[in-house]
Amino acid sequence: MQQRVSIHGQWSSRLAFILAATGSAVGLGNIWKFPYITGEYGGGAFVLVYLACVVAIGLPVMMAEIMLGRRGRQNPINTMGTLAEEAGRSRFWSLIGWSGVLAGFLILSYYSVIAGWAIAYVFKTASGALIGVDAETAGSLFGSFVSDPWQLLAWHSLFMVLTALVIARGVQSGLERAVRWLMPGLFALLLVLLGYSISNGAFVEGLEFLFKPDFSKLSTSALLTAMGHAFFTLSLGMGAIMMYGSYLAQDASIGKTSLIIAGLDTLVALLAGMVIFPIVFANGLEPAAGPGLIFKTLPIAFGQMPMGIFFGSLFFVLLVFAAWSSAISLVEPAVAWLVENRDMSRIKATVLVALVTWALGLITVMSFSDWAFGFSFLGVQKENGLFDVLDLLTTNFMLPLGGLAIALFATWAMQRKAVTEELAMGEGLAFRGWYFLTRYVTPLGLVFVFLNGLGLL
Ligand code: TRP
């Protein structure tokens, strides 16, 4: 077959792809979301299910997405259509791309608001306002911050502008260099924080919470949420990694690359958990504090440690960068579609996409004050109304369903010969293992978790 070439260019090297994909994977999901949902769903058992989902479902789907992207070399909508045609199947498979574009808009709309919180905390920390705060003060500072929609709106707007700037320039330029330095920096700062938690936090209690599974605490929706989070944290199920795969050089190994990305992503999440929970327990805080968890705990640490202002501001700066490099991947498929199919300039497409996402973000901005309402999702209490609805809809349903369709397409609809050719890892054990997982284990696992989560099993 003649190789297709992406009209948007290519990554300069395999390392560049790894950096960009890791940049997409590592973000608020690891540092903000993983700790707070782990807290809500009771710790160890939830973490174990999440890890199992990363290995048995996340990794296979990641390889499938990269493989499809590289073979199609277009935005996910066109890629799925082209590959379906090539395999003699209906072009309806491009629905995977459409639902992914929708999910990307919805996720970025709230992601940007939370990233805005992180920007605000750069300034709060740098101003010294957090020096010596106790748990109660940190909590009430956060509470009064998020209940002011105007502040949230301002920071959300700023983050959307930052995101649009990178997208308009094209994800390959600029991003590469930023990620190469900032990711290791974030990692190093997490280690500094870990030092604090070991010496000042209830470290053993924190570790036990995180790693000692108590299966009686697994609520009905825990499986579904753990699986959803595996998709969210690895940026899977909506075409983001497929899009990035379309810029990947033909000779890069998809299997090894996926292992590295998933490994780094998991490491960062576990580190974040090991930092947060010892602080939670040492200060008598509630693990199930919800989306505010890191903003209520980390300021206590920064307020006490030597050079806390410096480390604290730097930490939130790096968190903003991590969120930034994730955010752009959420709407890159939409932008690429507008450029490829509507003949728009990249700048115009970016402005359009950013405006739509910004407007959708107003829903989340209001969810922490005027529009807040509580509800129970399969046994877990949620407090932040439409924000929680958006999050559950995208993470627990849209992404896993997208992943299911991707796994089915790659191993049932596509010809095995085409798959082998594109993965280029031979027909050995590694390939057969992946094929088996993706063809049977992933789809069955997904269906099981869905039925279980909906209380049907
Ligand atoms: N993985 C990112 C995080 O953990 C968020 C993200 C970026 C994402 N792109 C995505 C989630 C695509 C789902 C799909 O912060």
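Throughout, numbering of the chain's residues begins at 1 and tracks the sequence. In each ligand, atom 1 is the first atom listed, and ligand 1 is the first ligand listed. Computed from heavy atoms alone, side chains included, the values below leave out hydrogens, waters and symmetry copies.
- Ring-plane geometry between Tyr111 and Phe232 is classed as tilted, the angle between the planes lying from 30 to 60 degrees on a 0 to 90 degree scale.
- Residue-ligand proximity: Tyr111 is placed with a non-hydrogen atom under 4.0 Å from ligand 1.
- Note: no N/O pair closer than 3.5 Å links Ile107 and ligand 1 by distance alone.
- Applying the 6.0 Å contact sphere to NZ of Lys382 captures more than 12 heavy atoms from other residues, nucleotides or ligands.
- Pairs engaging residues 91-100 under the side chain to side chain donor-acceptor pair (under 3.5 Å) rule: Glu85-Arg91 [sequence neighbours left out].
- Looking at ligand 1, you'll find an N or O of Ala25 within less than 3.5 Å of one of its N or O atoms.
- Counting only heavy atoms of the protein, atom 2 (C) of ligand 1 lies nearest to Ser24 O, 3.2 Å.
- Of all atoms in ligand 1, numbered sequentially from 1 with element shown, those under 4.0 Å from a heavy atom of Met238 are 12 (C), 14 (C).
- Taking every heavy atom of both residues into account, Ala115 and Val320 meet most closely at O-CG2, 4.4 Å.
- At a 3.5 angstrom cut-off on N or O pairs, Val26 does not count as close to ligand 1.
- Between His229 and Tyr50, the ring planes lie tilted relative to each other; the angle falls in the 30° to 60° range.
- Taking atom 11 (C) of ligand 1 as the reference point, the nearest protein heavy-atom neighbour is Phe232 O, 3.1 Å.
- Less than 4.0 angstrom separates some heavy atom of Ser235 from each of these atoms of ligand 1: 1 (N), 2 (C), 6 (C), 7 (C), 8 (C), 9 (N), 10 (C), 11 (C), 12 (C), 13 (C), 14 (C).
- At a 3.5 angstrom cut-off on N or O pairs, Leu28 counts as close to ligand 1.
- The aromatic rings of His156 and Trp358 sit parallel to each other, their planes meeting at less than 30°, with 60° as the upper class boundary.
- Between Phe277 and Phe209, the ring planes are tilted. Angles from 30° to 60° get that label.
- Listed by number with element, the atoms of ligand 1 under 4.0 Å from a non-hydrogen atom of Ser329 are 7 (C), 9 (N).
- Residue Leu399 touches ligand 1 through its side chain alone, judged by heavy-atom distances below 4.0 Å.
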Open item on the list: Could you go through Gln250 and Glu422, starting from their C-alpha distance and side-chain angles, then the distance that decides it, and tell me whether this counts as side-chain contact (heavy atoms from CB on, under 4.5 Å)?
Closed with: CA-CA 8 Å; Gln250 203 60 42; Glu422 191 61 47; 2.9 Å; yes

